[in-house]
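Right, one structure below, let's go through it.
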Amino acid sequence: MNDWQKKSPLDWESYVNKLVKVVAIEKHEYEGWVLTVDPVSASIVLAAFLESEKVSISVVMGHAVQEVEILKEGDGEMKQRLSRLFAPKESKAYSPEELEKRKNDLKTWLETNHIPVAEQGESGRTLCVAGVLTIDPPYGPEQCSSSNEIILSRVQGLVQGYLEKQQ
């Protein structure tokens with residue numbers, strides 16, 4: 001186990017949002033902004049900004065890391081840029097009132113179609129379908145969660161169909 005792998009997650013966190021140079025085995029060198037460090041494998045995920053707004057993502061496996069040198073601290077603008085790299089493109093922000101209406105409309109529609117649904121959580125924001133599936137805000141098919149893949153697939157299809165009819 002190398003020195004990098006022996007560091008703690010708190011040590012690795014101090015490298016996030018910083019421009020670094022990583023020296024790996026066989027004298028390979030990588031340079032980029034640290035997005036994250038995997039706490040299990042100690043692998044480093046780097047982002048390098050290329051011309052024409054393209055981004056190159058590299059992963060340096062933890063066992064190959066020999067040295068990590070911080071070249072530059074990330075400013076607020078760079079932290080924002082890095083945090084947006086994997087954000088969904090069409091993330092629409094809903095007001096609390098809109099979310100409440102979406103929840104209530106979906107709940108009513110499910111009940112109308114004889115699908116058992118209840119609100120759960122301390123604020124009642126999560127819908128629970130038949131005790132085996134949850135739907136979190138903003139109540140679309142992507143927010144459905146269940147360990148039963150058959151039920152998950154069918155309810156996602158129902159929710160998708162419902163949303164398409166609403167538009």
Side-chain angles (χ1 to χ4, degrees), residues 1-96 98-99 102-103 120-123 125-129 132-160 163-164:
M1 189 181 284
N2 63 32
D3 289 342
W4 177 255
Q5 289 174 297
K6 291 176 186 170
K7 289 184 181 287
S8 75
L10 288 175
D11 293 332
W12 292 323
E13 188 179 28
S14 68
Y15 289 87
V16 174
N17 295 325
K18 294 188 170 93
L19 183 63
V20 298
K21 179 170 83 175
V22 179
V23 178
I25 55 176
E26 298 182 13
K27 301 295 178 214
H28 290 287
E29 289 188 4
Y30 304 89
E31 195 173 299
W33 294 91
V34 178
L35 287 171
T36 190
V37 178
D38 177 51
V40 176
S41 68
S43 299
I44 306 171
V45 181
L46 299 173
F49 295 98
L50 310 172
E51 65 279 343
S52 72
E53 290 299 309
K54 293 194 178 192
V55 180
S56 170
I57 304 293
S58 307
V59 178
V60 182
M61 302 306 288
H63 65 84
V65 175
Q66 291 183 327
E67 183 184 330
V68 180
E69 177 187 348
I70 296 175
L71 302 175
K72 184 179 175 186
E73 296 279 331
D75 58 7
E77 185 180 326
M78 182 53 70
K79 289 177 185 175
Q80 284 291 321
R81 192 172 178 191
L82 293 169
S83 70
R84 287 191 306 263
L85 281 179
F86 294 107
K89 293 285 184 228
E90 297 177 26
S91 61
K92 181 180 182 228
Y94 294 96
S95 72
E98 288 174 313
L99 285 176
R102 285 177 64 94
K103 178 186 77 170
Q120 73 179 32
E122 57 186 60
S123 61
R125 291 174 45 127
T126 300
L127 293 177
C128 182
V129 177
V132 295
L133 179 136
T134 58
I135 309 173
D136 292 312
Y139 309 104
E142 300 84 22
Q143 288 77 41
C144 294
S145 177
S146 176
S147 58
N148 185 321
E149 290 187 30
I150 295 169
I151 291 174
L152 176 63
S153 173
R154 290 194 178 156
V155 173
Q156 282 178 319
L158 288 172
V159 171
Q160 182 66 43
L163 291 174
E164 287 170 359

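In this text the structure is predicted, and so the values were computed from the model without any measurement. Heavy atoms only: backbone and side chains are in, while hydrogens, waters and symmetry mates are out.
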Search all heavy atoms of [X] against all heavy atoms of [Y] and return the closest pair with its distance.
X: Glu29; Y: Lys21; value: OE1-CD, 3.6 Å
X: Cys144; Y: Val155; value: SG-CG1, 4.4 Å
X: Ile150; Y: Asn148; value: N-OD1, 3.0 Å
X: Ser95; Y: Glu98; value: N-OE1, 2.8 Å
X: Ala24; Y: Val60; value: CB-CG1, 4.3 Å
X: Asn2; Y: His63; value: ND2-O, 3.3 Å

Start with the C-alpha gap between Val65 and Val22, add the side-chain angles, then the distance that decides, and say whether side chain to side chain contact (heavy atoms under 4.5 Å, CB included) holds.
-> CA-CA 7 Å; Val65 175; Val22 179; 4.2 Å; yes
Between [atom1] of [X] and [atom2] of [Y], what distance do you get to the nearest 0.5 Å?
X: Ser145; Y: Gln156; atom1: OG; atom2: CD; answer: 9.0 Å
X: Glu142; Y: Ile135; atom1: CD; atom2: CD1; answer: 11.5 Å
X: Leu127; Y: Gln143; atom1: CG; atom2: CD; answer: 11.5 Å
X: Ile25; Y: Gln66; atom1: CD1; atom2: CD; answer: 7.0 Å
X: Tyr30; Y: Leu46; atom1: OH; atom2: CG; answer: 9.5 Å
X: Arg125; Y: Asp136; atom1: CZ; atom2: CG; answer: 8.5 Å

For Leu35, what residues pass the side chain to side chain contact (heavy atoms under 4.5 Å, CB included) criterion, not counting sequence neighbours?
->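 Val45, Ala47, Ile57, Leu82, Leu85, Phe86.
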Restricting to pairs with a member in residues 31-56, which pass side chain to side chain donor-acceptor pair (under 3.5 Å), not counting sequence neighbours?
-> Asp38-Ser41, Ser41-Ser43
Would you tell me whether Glu164 and Gln160 have side-chain atoms, one donor and one acceptor, within less than 3.5 Å of each other?
-> yes
Please list every donor-acceptor pair under 3.5 Å in which a side-chain atom of residues 10-19 meets a protein atom from a residue at least two apart or in another chain.
residue	atom	partner	partner atom	Å
Asp11	OD2	Ser8	N	3.2
Asp11	OD2	Ser8	OG	3.4
Trp12	NE1	Trp4	O	3.1
Ser14	OG	Asp11	O	2.5
Lys18	NZ	Ser14	O	2.5

Min side-chain heavy-atom separation Val129-Ser146 under 4.5 Å =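 With C-beta onward as the side chain, the pair stays apart.
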Hey, mind stepping through Ile44 and Val34 against side chain to side chain contact (heavy atoms under 4.5 Å, CB included) and telling me if it holds?
-> CA-CA 7 Å; Ile44 306 171; Val34 178; 4.2 Å; yes
